[in-house]
**Student:** 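Let me give you the structure first, and then I'll get to my questions.
These values consider heavy atoms only, across backbone and side chains, with no hydrogens, waters or symmetry-generated copies. Bear in mind that the values here come from a model prediction, so they are computed numbers and not experimental data.
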Amino acid sequence: MPTREEVSYFGAGPAPLPTSVVEASAKAFVNFNNSGLGLGEISHRSPTANKILSDAKASLTALLSIPDNYEILFMQGGGSGGFSAVVQNLVSVWIERRRRRAEADVLATNPGVDKTQVDELVFQRLKEEVDEELKLDYLVTGAWSLKASQEAARMIGSKYVNVALDARKANDGKFGKIPAEETWSLTPTKREGGKGSAFVYFCDNETVDGVEFQAFPKVLEAQGQDEEDERIVVADMSSNFISRKVDVSKYAVIFGGAQKNIGVAGITIAIVRKDLLPPQTTTPPASLLHRLNIGGLPGSIVFDYATTAKNDSLYNTLPIFNLWVAGEVMGELVSTFGAQKVSGQEQIADQKAELIYGVLDKYQDVYQVVPDKTVRSRMNICFRIHGGDDAKEKEFLQGAEKLLLQGLKGHRSVGGMRASNYNAVPLENVQKLVKYLEAFATGQ
């Protein structure tokens, strides 16, 4: 039976954890800090839980230099739950902003009108604006952003979803490229002669397809202070969270499941700009949303950012053990890299990715990297063997298993090979994989 140190695991998720955290977790699950209780048993409202929550927030804030005008929320539902939460919350913000403007205009142009009449005039204007102007922009660059756009269409209707980019159209029906920004059909902002969208959504790293945005899209940069000129940018960072430096201030919402780089499944992290939360922007009354008849709204209260923020992520029972694991992982990175913050981990991630891509490119007659070189993911390295030869790929996997190089089979929807290079994959394990790739290519 192999030891933990002998196995090199490259699975896409759930992903490896630092061994030190795994060992500490085993003790904490049985008897945390000699309290006689395990972390899976303590109250989520206890002082112990509050400290775990506070420490996790502090570590994430330190790693990403999160500005003070952002709230960190710990939720549940995974990345897929995040798809729904984004729609539920940000469409509500769009409606509330429109409601306020409509109310101000109605009061200014109809002095002396009673509240019932004001409410009705506001509703009629809102209904017209929802029908004619509500749009959600999606950049579809892989399987997960596609699923996110489909969830939005399922919730509120496809007429409101604008797929501003479908990368398959530029790559023979397959994902693997991100076309030039000038080809994207984003909803025009006020400055561009339009009304703007409720948000623009993209997946920063596509786990299935091995596609990663190399930088923040220039076309999404801030355009002005007017709400109607702003592009509210949402990024799913489930699979590259805390793997590189991020300018959080460019985003309205960043979210992701924990089970790639941060911890174990069961925790979803959302970093939300505070002006999208009360008191700056309140949630529209449920009765108004019901009258507007937008499917999926007002939605589940456990996905409501405002409720979660108001209750410090403890509106419902938060899995404190899972949160503690995430906090330990982030805390170790803070301790390890100090002033470098997440940039220290980024250097290691880049080094590991360069080693793997280096050997794949060296033997292009044997290995074919799936995505275009301009969008290669550092986290999920997708490749085929001899053009997708089934027998050769089986032979490759069998040889890898003998060397305890595990988790290299590609996603079932696309096949091939996938080496996931998450933070907790040690450099020495990558070096073992590179050695095997070299040996397989040369027949040694």
**Student:** Which atoms form the tightest heavy-atom contact between D209 and V414, and what is the distance?
**Tutor:**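 Distance-wise, the nearest heavy atoms are OD1-CG1, 4.1 Å.
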
**Student:** With respect to L323, which candidate in D55, I269, I52 satisfies the side-chain contact (heavy atoms from CB on, under 4.5 Å) definition?
**Tutor:**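 Going through the options one by one, the only one that passes is I52.
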
**Student:** So which of E212, E346, E354 actually passes salt bridge (charged side-chain N to carboxylate O under 4.0 Å, His left out) with R378?
**Tutor:**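 Of the listed options, the one satisfying the test is E212.
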
**Student:** Verify whether one side chain among T187 and S197 offers a donor that lies under 3.5 Å from an acceptor in the other.
**Tutor:**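 T187 vs S197: no donor-acceptor pair found between side chains.
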
**Student:** Apply side-chain contact (heavy atoms from CB on, under 4.5 Å) to residues N205 and W144 and explain how you reach the verdict.
**Tutor:** CA-CA 9 Å; N205 182 77; W144 290 112; over 6 Å; no

**Student:** Just wondering, more than 12 heavy atoms not from Y315 lying within 6.0 Å of its OH?
**Tutor:**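 No, because the 6.0 Å sphere around OH of Y315 holds 12 heavy atoms or fewer from other groups.
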
**Student:** Is it true that D204 and R244 make a salt bridge, defined as a side-chain N closer than 4.0 Å to a carboxylate O?
**Tutor:**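 Salt bridge present between D204 and R244.
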
**Student:** Quick one: does any side-chain atom of K135 pair with a main-chain N or O of K159 as donor and acceptor, under 3.5 Å?
**Tutor:**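 Judged by distance alone, yes, a pair lies under 3.5 Å.
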
**Student:** For a side-chain contact (heavy atoms from CB on, under 4.5 Å) check, start with the C-alpha distance between L433 and L408, then their side-chain angles and the critical distance, and finish with the verdict.
**Tutor:** CA-CA 10 Å; L433 174 60; L408 289 167; 4.0 Å; yes

**Student:** Hey, are the side chains of F255 and F83 touching, using non-hydrogen atoms and a 4.5 Å cut-off?
**Tutor:**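 A side-chain contact under 4.5 Å exists here.
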
**Student:** Can a donor-acceptor pair be found between the side chains of S35 and N33 at a distance below 3.5 Å?
**Tutor:**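 There is no such pair between these side chains.
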
**Student:** So, E206 versus S145: side-chain donor-acceptor pair below 3.5 Å or not?
**Tutor:**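 Yes, side-chain donor-acceptor contact under 3.5 Å.
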
**Student:** Please round to the nearest 0.5 Å and tell me the distance separating atom OG of S249 and atom CZ of R273.
**Tutor:**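 Spacing of OG (S249) from CZ (R273) equals 9.5 Å.
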
**Student:** Is F202 close to L220 at the side-chain level, that is, under 4.5 Å between some pair of heavy atoms?
**Tutor:**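 Yes - at least one pair of side-chain heavy atoms lies under 4.5 Å apart.
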
**Student:** Between E151 and S80, is there a side-chain heavy-atom distance shorter than 4.5 Å?
**Tutor:**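 No. Closest side-chain heavy atoms not under 4.5 Å.
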
**Student:** Taking C-beta and beyond as the side chain, do N89 and V272 meet within less than 4.5 Å on heavy atoms?
**Tutor:**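 No. Closest side-chain heavy atoms not under 4.5 Å.
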
**Student:** For the side chain of T268 and the backbone of G78, is there at least one donor-acceptor N/O pair under 3.5 Å apart?
**Tutor:**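 Yes.
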
**Student:** For T207, which of S239, S377, S420 qualifies under side-chain hydrogen bond (donor to acceptor under 3.5 Å, both in side chains)?
**Tutor:**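 Exactly one option meets the side-chain hydrogen bond (donor to acceptor under 3.5 Å, both in side chains) with T207, and it is S239.
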
**Student:** How about K245: does its NZ atom have over 12 heavy atoms from other parts shown lying under 6.0 Å from it?
**Tutor:**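 Counting other residues, nucleotides and ligands, NZ of K245 stays at 12 neighbours or fewer.
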
**Student:** Pairing donors with acceptors under 3.5 angstrom, does anything connect the side chains of N69 and D275?
**Tutor:**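 Distance-only check fails for N69 and D275.
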
**Student:** Mark yes when over 12 heavy atoms from residues, nucleotides or ligands other than F29 sit less than 6.0 Å from its CZ; otherwise mark no.
**Tutor:**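 Count not over threshold, so no.
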
**Student:** Testing L360, V434, N421 one by one against L355 for a side-chain contact (heavy atoms from CB on, under 4.5 Å), which residue passes?
**Tutor:**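 The option that passes is V434.
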
**Student:** Would you name the heavy atoms of V425 and Y9 that are closest together and state the gap between them?
**Tutor:**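 That closest heavy-atom pairing would be CG2-O, 3.8 Å.
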
**Student:** Step by step, work out the side chain to side chain donor-acceptor pair (under 3.5 Å) result for E328 and S25.
**Tutor:** CA-CA 9 Å; E328 287 295 295; S25 298; over 6 Å; no

**Student:** Closer than 3.5 angstrom, by distance alone: can the side chain of Q368 be matched with the main-chain N or O of Q364 as a donor-acceptor pair?
**Tutor:**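 The answer is yes, because a donor-acceptor pair under 3.5 Å joins these two groups.
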
**Student:** Checking W184 side chain against P179 main chain: does a donor-acceptor pair fall under 3.5 Å?
**Tutor:**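 Answer holds: yes.
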
**Student:** Using the rule given for side-chain contact (heavy atoms from CB on, under 4.5 Å), can you reason through I320 versus L53, listing the C-alpha separation, both sets of side-chain angles and the distance that settles it, and then say yes or no?
**Tutor:** CA-CA 8 Å; I320 296 301; L53 181 64; over 6 Å; no

**Student:** Out of curiosity, L276 CG to Y70 OH, how far, rounded to the nearest 0.5 Å?
**Tutor:**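 Result: 8.5 Å between the selected atoms.
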
**Student:** Looking at every heavy atom in both A12 and K260, which two are closest together, and how far apart are they?
**Tutor:**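 Minimum heavy-atom contact is O-NZ, 2.9 Å.
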
**Student:** Taking the side chain from Y436 and the backbone from L405, do they hold a donor-acceptor pair closer than 3.5 Å?
**Tutor:**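 No; zero donor-acceptor contacts below 3.5 Å.
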
**Student:** Taking the side chain as everything from C-beta on, heavy atoms only, tell me whether Y305 gets closer than 4.5 Å to T283.
**Tutor:**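 With C-beta onward as the side chain, the pair stays apart.
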
**Student:** Would you mind reporting whether K218 and E181 have side-chain heavy atoms less than 4.5 Å apart?
**Tutor:**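 E181 vs K218: side chains touch.
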
**Student:** I need the M237 CE to I254 CD1 distance, nearest 0.5 Å.
**Tutor:**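 One finds 4.0 Å between CE of M237 and CD1 of I254.
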
**Student:** Please report whether the ring centroid of F216 lies less than 6.0 Å from that of Y251.
**Tutor:**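 Yes, they do, as the ring centres are separated by less than 6.0 Å.
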
**Student:** Look at the side chain of Y367 and the backbone N and O of K362, then say whether any donor-acceptor pair between them is shorter than 3.5 Å.
**Tutor:**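 Not confirmed, Y367 side chain does not pair with K362 backbone.
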
**Student:** For the CZ atom of F396 and the NE2 atom of H386, what is their distance to the nearest 0.5 Å?
**Tutor:**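 Nearest 0.5 Å value for the CZ-NE2 distance: 11.0 Å.
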
**Student:** For N380 and Y422, which I'm curious about, is there any donor-acceptor pair between the side chains at under 3.5 Å?
**Tutor:**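 Y422 and N380 do have a side-chain donor-acceptor pair below 3.5 Å.
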
**Student:** For E6 versus M1, what's the shortest heavy-atom pair and its separation?
**Tutor:**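 Heavy-atom minimum between the residues: OE1-O, 4.5 Å.
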
**Student:** For T189, does its backbone N or O pair with a side-chain atom of E192 as donor and acceptor, under 3.5 Å?
**Tutor:**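 Side chain of E192 to backbone of T189: a pair is present.
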
**Student:** Should V22 and R4 count as side-chain neighbours, where that means a heavy-atom distance under 4.5 Å?
**Tutor:**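 Counting from C-beta outward, V22 and R4 do come under 4.5 Å.
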
**Student:** Check whether any side-chain N or O of N322 sits under 3.5 Å from a backbone N or O of G263 as a donor-acceptor pair, and report yes or no.
**Tutor:**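 Not confirmed, N322 side chain does not pair with G263 backbone.
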
**Student:** Has Q76 got a side-chain atom pairing as donor or acceptor with T317's backbone, closer than 3.5 angstrom?
**Tutor:**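 Between the backbone of T317 and the side chain of Q76 there is a qualifying donor-acceptor contact (under 3.5 Å).
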
**Student:** State, to 0.1 Å, how close S65 and K341 come at their nearest heavy-atom pair, and which atoms those are.
**Tutor:**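 Of all heavy-atom pairs spanning S65 and K341, the closest is OG-NZ, 2.9 Å.
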
**Student:** Taking the side chain as every heavy atom from C-beta outward, state whether F175 and V208 have any pair of such atoms under 4.5 Å apart.
**Tutor:**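 F175 vs V208: side chains apart.
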
**Student:** Using a strict 4.0 Å threshold on nitrogen-to-oxygen distance, state whether K409 and E401 make a salt bridge.
**Tutor:**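 E401 and K409: not salt-bridged.
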
**Student:** Please determine if K310 and E71 form a salt bridge, counting it only when a charged side-chain N lies under 4.0 Å from a carboxylate O.
**Tutor:**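 Salt bridge flag = no for E71 with K310.
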
**Student:** Tell me if a side-chain donor or acceptor on N423 pairs with a main-chain N or O of I242 at a distance below 3.5 Å.
**Tutor:**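 Pair found, side chain donor or acceptor close to backbone of I242.
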
**Student:** Atom CD in Q431, atom CD1 in I356: separation rounded to 0.5 Å?
**Tutor:**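 That separation rounds to 10.5 Å.
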
**Student:** What is the minimum heavy-atom distance between I381 and A353, and which atoms define it?
**Tutor:**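 Looking at all heavy atoms of both residues, the shortest contact is CD1-CA, 4.2 Å.
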
**Student:** Using a cut-off of 6.0 Å, state whether more than 12 heavy atoms not belonging to K432 lie near its atom NZ.
**Tutor:**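 It does: K432 NZ has more than 12 such atoms within range.
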
**Student:** Can D236 and K147 be said to form a salt bridge (charged side-chain N to carboxylate O under 4.0 Å, His left out), step by step?
**Tutor:** CA-CA 12 Å; D236 175 357; K147 286 179 182 293; over 6 Å; no

**Student:** Atom CD in E332, atom OG in S59: separation rounded to 0.5 Å?
**Tutor:**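 One finds 10.5 Å between CD of E332 and OG of S59.
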
**Student:** The test is side-chain contact (heavy atoms from CB on, under 4.5 Å); show your working for V86 and L136 and say whether it passes.
**Tutor:** CA-CA 10 Å; V86 164; L136 320 182; over 6 Å; no

